[in-house]
Participant: 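Here it is: the structure, laid out below.
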Amino acid sequence: MTEKIQALKEQIEAMTAANAAELEALRIKYLSKKGEITALFSDFRNVPNEQKREIGQKLNELKTLATDKINALKQAFEDSAMENVDIDLTRTAAPQEIGTRHPISLVRKEIIDIFSRLGFTIAEGPEVEDDWHVFSSLNFADDHPARDMQDTFFIQRSPDVLLRTHTSSVQSRVMEHAQPPIRIICPGRVYRNEAISARAHCFFHQVEALYVDKNVTFADLKQVLLYFAQEMFGPETKIRLRPSYFPFTEPSAEMDISCDLCGGKGCAFCKGTGWVEILGCGMVDPNVLEACGIDSKVYTGFALGMGIERITNLKYRVKDLRMFSENDVRFLEEFKSAH
């Protein structure tokens, strides 16, 4: 039996396998119930008593050798397979959902990108403002309804400190500290004392633009508006300007775009008119220029402002303004493809 044990030992030490199937065949050959090592253990009862200690030790060493060799080959196959799999072992086992930008952020960025191609730069200002920058410098009359607590959030009932109602306050701050040419865009959050509903909210987002320089005309304003509308809503978009009134611009206008749902023919979305209002605009009132330290006899300018929620509604057909601030993941996931 000693010769058989030695022969098997030499076979096992030289044992190799090209794949897992060959390795399994070797395991069966040596270690299964009908394997060669198991057969030696069965013959052990025929070994003379004086040799049992020595032969038994050698059998155990042979079985351990075969087991270790097969396990080593098996581990080598597994390591090789892992090297060919592109897996980041530092990642969590739990699945992670890919995030998405908020639709307001998507539209805000798109608006800024369009105006940046026209040379406008971003200007920002505080959300907690004073009366001068929000109202007085912008030609609001002392008895204007916007100054009432029913329309504006005042801080600690103070008549001079309030949450800004529009980002025009940023325009007045820039004009106070800079001389023309001024070409800025002012995105930000604003606040109005309104009941929250599907069509209104106590806070929302605006983007306003201001251009002040020598010989700026309404024709310049119209060309900027047309460029913006066609870049945002498509090259076939048409615009329409209607006379309006704002304290800080004269003349003032509201701009409509042709309804992209019906192509201007009239539908339920545009209420049969073929047009949809998107923003207000006009030439900067000379009183505003003078209040901010700019000579209105030398410089002219135009301003325009729009609600980002309004543009987002038109672009993505979101009918309820409250959805923008409810953080409903199901709603936000709809904008993954909009990046």
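Side chains are part of it too, since the values below use all heavy atoms of this structure and drop only hydrogens, waters and symmetry mates. Source: prediction; values computed, not measured.
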Participant: Taking the side chain as every heavy atom from C-beta outward, state whether Pro251 and Met283 have any atom pair closer than 4.5 Å.
Facilitator: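 When only atoms from C-beta onward are counted, Met283 and Pro251 do touch, with a gap below 4.5 Å.
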Participant: Give a yes or no on whether Val224 and Leu226 share a hydrophobic cluster (residues Ile, Leu, Val, Met, Phe, Trp, Tyr; joining criterion: side-chain heavy atoms under 4.5 Å apart).
Facilitator: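 In one cluster: yes.
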Participant: If the condition is side-chain contact (heavy atoms from CB on, under 4.5 Å), which residues does Thr237 pass it with, not counting sequence neighbours?
Facilitator: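 In terms of side-chain contact (heavy atoms from CB on, under 4.5 Å), with neighbours along the sequence ignored, Thr237 is linked to Ala229, Gln230, Phe233, Ile257, Ser258.
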Participant: Checking side-chain polar atoms at under 3.5 Å, does His133 have a donor or acceptor matched by the opposite partner on Glu176?
Facilitator: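 His133 vs Glu176: donor-acceptor pair found between side chains.
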Participant: Tell me, with the steps shown, if Lys109 and Asp113 meet salt bridge (Lys or Arg N to Asp or Glu O under 4.0 Å).
Facilitator: CA-CA 6 Å; Lys109 182 180 184 301; Asp113 288 345; 3.0 Å; yes
Participant: Kindly check if the number of other-residue, nucleotide or ligand heavy atoms within 6.0 Å of CD (Gln57) is above 12?
Facilitator: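 Not buried by this count: 12 neighbours or fewer within 6.0 Å.
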Participant: Can you confirm whether Lys69 is buried at NZ, in the sense that more than 12 heavy atoms of other residues, nucleotides or ligands lie under 6.0 Å from that atom?
Facilitator: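 Atom NZ in Lys69 is crowded, with more than 12 foreign heavy atoms closer than 6.0 Å.
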Participant: State whether the number of non-hydrogen atoms from other residues, nucleotides or ligands found under 6.0 Å of Glu236 atom CD is greater than 12.
Facilitator: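 12 or below, so no.
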Participant: What heavy-atom pair brings Gly282 and Phe218 nearest, and what distance separates the two atoms?
Facilitator: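 Distance-wise, the nearest heavy atoms are CA-CE1, 4.5 Å.
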Participant: Give the cluster check for Tyr245 versus Leu241: same hydrophobic cluster or not, with ILVMFWY residues linked at side-chain heavy-atom distances below 4.5 Å.
Facilitator: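 Different clusters.
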Participant: Is the backbone N or O of Ala200 less than 3.5 Å from a side-chain atom of Ser197, with the two atoms forming a donor-acceptor pair by type?
Facilitator: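 Yes; at least one donor-acceptor contact below 3.5 Å.
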Participant: Is any side-chain heavy atom of Phe335 closer than 4.5 Å to a side-chain heavy atom of Leu106?
Facilitator: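 Touching, per the 4.5 Å side-chain cut-off.
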Participant: Can you name the nearest heavy-atom pair linking Arg192 to Phe153, along with the distance?
Facilitator: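 In this case the closest contact between Arg192 and Phe153 is O-CE1, 3.2 Å.
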Participant: According to a 4.5 Å side-chain heavy-atom criterion applied to Ile, Leu, Val, Met, Phe, Trp and Tyr, with indirect links allowed, do Ile278 and Phe115 form part of one hydrophobic cluster?
Facilitator: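 As far as the 4.5 Å side-chain criterion goes, Phe115 and Ile278 are connected within one cluster.
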Participant: For the residue pair Glu208 and His166, confirm or rule out a side-chain donor-acceptor distance under 3.5 Å.
Facilitator: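 His166 and Glu208 do not have a side-chain donor-acceptor pair below 3.5 Å.
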Participant: For Glu194, is there an ion pair with Arg199 - N to carboxylate O distance below 4.0 angstrom?
Facilitator: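 The answer is no: the pair does not qualify as a salt bridge.
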Participant: Does Val128 reach the side chain of Leu163, with side-chain heavy atoms less than 4.5 Å apart?
Facilitator: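 Of all side-chain heavy-atom pairs linking Leu163 with Val128, at least one is under 4.5 Å.
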Participant: What are the two closest non-hydrogen atoms of Val134 and Ser169, and how far apart are they?
Facilitator: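 It is CG2-CB, 4.1 Å.
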Participant: Begin with the C-alpha distance, continue with both residues' side-chain angles, and end with the deciding distance and a verdict on salt bridge (Lys or Arg N to Asp or Glu O under 4.0 Å) for Lys297 and Asp295.
Facilitator: CA-CA 5 Å; Lys297 295 181 176 62; Asp295 190 346; 5.2 Å; no
Participant: Please verify the inter-ring angle class for Phe248 with Phe246; under 30° counts as parallel, over 60° as perpendicular, anything in between as tilted.
Facilitator: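 Taking Phe246 first and then Phe248, their aromatic rings lie parallel (interplane angle under 30°).
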Participant: Describe, in one word, how the ring planes of Phe135 and Phe140 are oriented to each other, choosing from parallel (under 30°), tilted (30 to 60°) and perpendicular (over 60°).
Facilitator: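 Rings of Phe135 and Phe140: perpendicular, over 60°.
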Participant: Applying the salt bridge (charged side-chain N to carboxylate O under 4.0 Å, His left out) criterion to Glu277, which one of Arg310, Lys271, Arg242, Arg240 satisfies it?
Facilitator: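 The option that passes is Arg242.
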Participant: Have Glu334 and Tyr316 got a donor and an acceptor in their side chains that come within less than 3.5 Å?
Facilitator: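 No pair is found: no donor N or O on one side chain lies under 3.5 Å from an acceptor on the other.
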Participant: Below 4.5 Å, heavy atoms only, C-beta onward: do Ile182 and Tyr299 meet side chain to side chain?
Facilitator: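 No. Closest side-chain heavy atoms not under 4.5 Å.
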Participant: Between Glu61 and Lys9, is there a side-chain N and carboxylate O pair less than 4.0 Å apart?
Facilitator: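 Here Glu61 does not pair with Lys9 in a salt bridge, since their nearest N and O are not under 4.0 Å apart.
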Participant: Where is the tightest heavy-atom contact between Ser168 and Leu138, given as atom of each residue plus distance?
Facilitator: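 Closest approach of Ser168 to Leu138: CB-CD1, 3.5 Å.
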Participant: Between Arg330 and Asp328, does any side-chain N to carboxylate O distance fall below 4.0 Å?
Facilitator: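 The answer is yes: the pair qualifies as a salt bridge.
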Participant: Identify the two heavy atoms, one from Ile239 and one from Lys222, that lie closest to each other, and give their separation to 0.1 Å.
Facilitator: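 Closest approach of Ile239 to Lys222, heavy atoms only: CD1-O, 4.0 Å.
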Participant: Would you say that Glu22 contacts Asn19 through its side chain, given a criterion of any heavy-atom pair below 4.5 Å between the two side chains?
Facilitator: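 Answer yes - side chains close enough.
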Participant: Contact between Lys29 and Glu36 at the side-chain level, heavy atoms closer than 4.5 Å - yes or no?
Facilitator: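 Lys29 vs Glu36: side chains touch.
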Participant: With a 4.5 Å cut-off on side-chain heavy atoms, are Tyr191 and Cys202 touching?
Facilitator: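 In short, these two side chains do not touch, never coming nearer than 4.5 Å.
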Participant: Look only at the side chain of Thr300 and the backbone of Val216, and say whether a donor-acceptor pair between them is shorter than 3.5 Å.
Facilitator: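 Such a contact is found between Thr300 side chain and Val216 backbone.
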Participant: Show the nearest heavy-atom pair for residues Ile294 and Ala178, with the distance to one decimal.
Facilitator: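 Residues Ile294 and Ala178, closest heavy atoms: CD1-O, 4.4 Å.
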Participant: Is a side-chain donor or acceptor of Asp160 paired with a backbone partner of Asp131 at a separation under 3.5 angstrom?
Facilitator: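 Not at all, since once roles are kept as given, no pair shorter than 3.5 Å links the two residues.
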Participant: List the residues meeting ring-ring contact (aromatic ring centres under 6.0 Å, His included) with Phe302, not counting sequence neighbours, and say none if there are none.
Facilitator: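 Scan of Phe302 (ring-ring contact (aromatic ring centres under 6.0 Å, His included), adjacent residues dropped) gives Tyr211.
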Participant: Can a donor-acceptor pair be found between the side chains of Thr152 and Asn193 at a distance below 3.5 Å?
Facilitator: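 Their side chains do not contain a donor-acceptor pair, so the 3.5 Å distance test is not met.
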Participant: Verify the cluster assignment for Phe204 and Val276: are they in a single hydrophobic cluster under the rule of side-chain heavy atoms below 4.5 Å apart?
Facilitator: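 Cluster IDs for Phe204 and Val276 differ.
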Participant: Which distance, rounded to the nearest 0.5 Å, do you find between the CE of Met15 and the CD of Glu10?
Facilitator: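 Answer for the CE-CD pair, Met15 versus Glu10, is 14.0 Å.
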Participant: With a 4.5 Å cut-off on side-chain heavy atoms, are Thr249 and Asp285 touching?
Facilitator: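 Sidechains of Thr249 and Asp285: no contact.
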Participant: Show the numbers, then the answer: is there a side chain to side chain contact (heavy atoms under 4.5 Å, CB included) between Gln171 and Cys186?
Facilitator: CA-CA 7 Å; Gln171 298 178 14; Cys186 313; 3.9 Å; yes
Participant: So if you build clusters from Ile, Leu, Val, Met, Phe, Trp, Tyr with side-chain heavy-atom gaps below 4.5 Å, do Ile28 and Ile70 land together?
Facilitator: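 No, no single cluster joins them.
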